[in-house]
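The structure's right below; bear with me while I get my questions together.
When a ligand or atom number is given, it counts from 1 through the structure's own listing order.
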Amino acid sequence: MPMDANEPTLFELDHGGEGRDWLPRSGGEEKAIDDLLPGESLRREPLNVPIVSEPEVVRHFTRLSRRNFCIDSGFYPLGSCTMKYNPKINDALAALPGFSQLHPEAGMEASQGTLRILYEMQTYLAALTGLSGAALNPCAGAHGELCGMMMIRAYHQDQGDKRTTVLVPDSAHGTNPASAAMAGFKIAELKSGPDGCVDIEELKRYLNEETAALMLTNPNTLGLFEKNILEIEKLVHDAGALLYYDGANLNAISGVARPGDMGFNVVHINLHKTFSTPHGGGGPGSGPVAVCEKLKPYLPVPLIEKENGQYIIVRDSEKSIGQLSTFFGNVGVILRAYVYMRMLGLEGIRKNSVTAVLNARYLQSRLKDLIPSEHDGDCMHEFVLTLKDHDRFGDLNVMAMAKNLIDRGFHAPTVYFPLIVKEALMIEPTETESKRTLDAFAEAVASIFEEYQTDPERVLHAPHETPVRKLDEVKAARQPDLAYQE
Ligand SMILES: *Cc1c(COP(=O)(O)O)cnc(C)c1O
């Protein structure tokens, strides 16, 4: 069946009974339901569920699933999201019944295997980030940020320090200021320098006795490594503030450099980005935090510790900021990341980061004659191009570029982010892509420019190959119409 925007709902597929009786009769003695259940427990109206056969259900969901673009079907260079291929062994091992069927309240005795993995994961993440301790229960990057900000607030309060403001560069992901605000801080936005990095003079202007922390992403969202990180670290700490590391871009440096060695006090790690595990469409995720020695007392609970060869659950500690999620967080995601890390080992993790950077630099150089970068300098694992030069690109803006890439079988890169770059196209190929795929992507971009010369209208009205054609973006957001229409 061809892809059809108007896949009916299961209720619309209902044909009122046909196909219900495909199960064989039991062969045993049959009794009327009224003889088995008391009258008041019996339903008077038939249950309002669609009557459809098993193959109809399977085909319905299979058709729907084919309308999703996914990492298993194609290249997904969505900048900042690290959409790498997820090895299936992660899923297979996380699905072992000993893990997937374990009840979270089973108790320590019965949960030693899972607890051991959680304990080891805390240790690995602290080691990889160069910090002293880690907690696994935040359920996403943004949740880790909130956790980090709450710990920083508790720490300053304990010091008797009234620090009210968190500094965030204008290149940051929107969750950074949002998380700091949720934790009760005021936000001061730092304007980036002309090189796309933190402007030291701007930082000095804002740092004072009210500064609680600076939140940084390194490499930042432009894919550039903050080369003055040690000077930044000294300025921030000399002012009595703490340094927060948004770990979304850890895939650039994992196994090569450690945020702790750069002086960061708190790090969140997006397991669902750097350490594989499927994500997209809003979940599931896992955003553990790692902290330096002086923040360890504030880590959220539960924590897993090892005592006399037993793994134990610590549910309470005097200064902890408390519990942030049910039970132990998204254990299924943590298990996948654990398998992935054990499969790779430290050397494999290092090699992945190096290859991710190599792939990004290769693709950037393949594209550089077609679309310029906003900033000079070698990119790390991702790079940001700009189509803002109207004299050169005409009406072919980033949205049109994205839709035409979709028509050519590629997921669109991140568009219009970071906010400081006009007509931004943010591309992150990851280490799991071959040279052949990167070349095909570069050729697809070139072919869009060629088509724009010969048939600009077609390019500007893309997509043409998708179940749903070009949407009115504003109307789709303001007045979504989710109903099926004949
Ligand atoms: C993805 C991302 C986040 C937020 O992480 P989630 O897991 O989506 O909550 C924060 N900062 C940057 C730079 C990101 O790319």
| field | Ligand-side contact atoms (ligand 1) for residue partner Ala248, heavy atom cut-off under 4.0 Å | value | 2 (C), 11 (N), 12 (C), 13 (C), 14 (C), 15 (O)
| query | Can a non-hydrogen atom of His272 be found less than 4.0 Å from any atom of ligand 1? | reply | yes
| message | I want to know if ligand 1 touches His268 in the polar sense, i.e. an N/O pair below 3.5 angstrom. | response | no
| request: Check ligand 1 against Lys273 and write out every atom of the ligand that is under 4.0 Å from a heavy-atom position of the residue. | output: 1 (C), 2 (C), 3 (C), 5 (O), 14 (C), 15 (O)
| said: Just checking Phe69 against Tyr76, ring centres under 6.0 Å apart? | reply: yes
| Is the closest N or O pair between Asp246 and ligand 1 shorter than 3.5 Å? | yes
| Pair Lys388 + Glu374: basic N to acidic O under 4.0 Å | yes
| said: Counting only heavy atoms closer than 4.0 Å, does ligand 1 sit against the backbone of His143, its side chain, both, or neither? | reply: neither
| query | Does His279 come within less than 4.0 Å of ligand 1, judged by its heavy atoms? | reply | no
| Thr82: which of Lys273, Glu382, Glu428 passes side chain to side chain donor-acceptor pair (under 3.5 Å) | Glu428
| Does Val445 reach the side chain of Arg366, with side-chain heavy atoms less than 4.5 Å apart? | no
| task | Start with the C-alpha gap between Lys475 and Asp472, add the side-chain angles, then the distance that decides, and say whether salt bridge (Lys or Arg N to Asp or Glu O under 4.0 Å) holds. | result | CA-CA 5 Å; Lys475 194 168 178 212; Asp472 177 338; over 6 Å; no
| task | Identify whether the distance between the nearest side-chain nitrogen and carboxylate oxygen of Arg63 and Glu7 falls below 4.0 Å. | result | yes
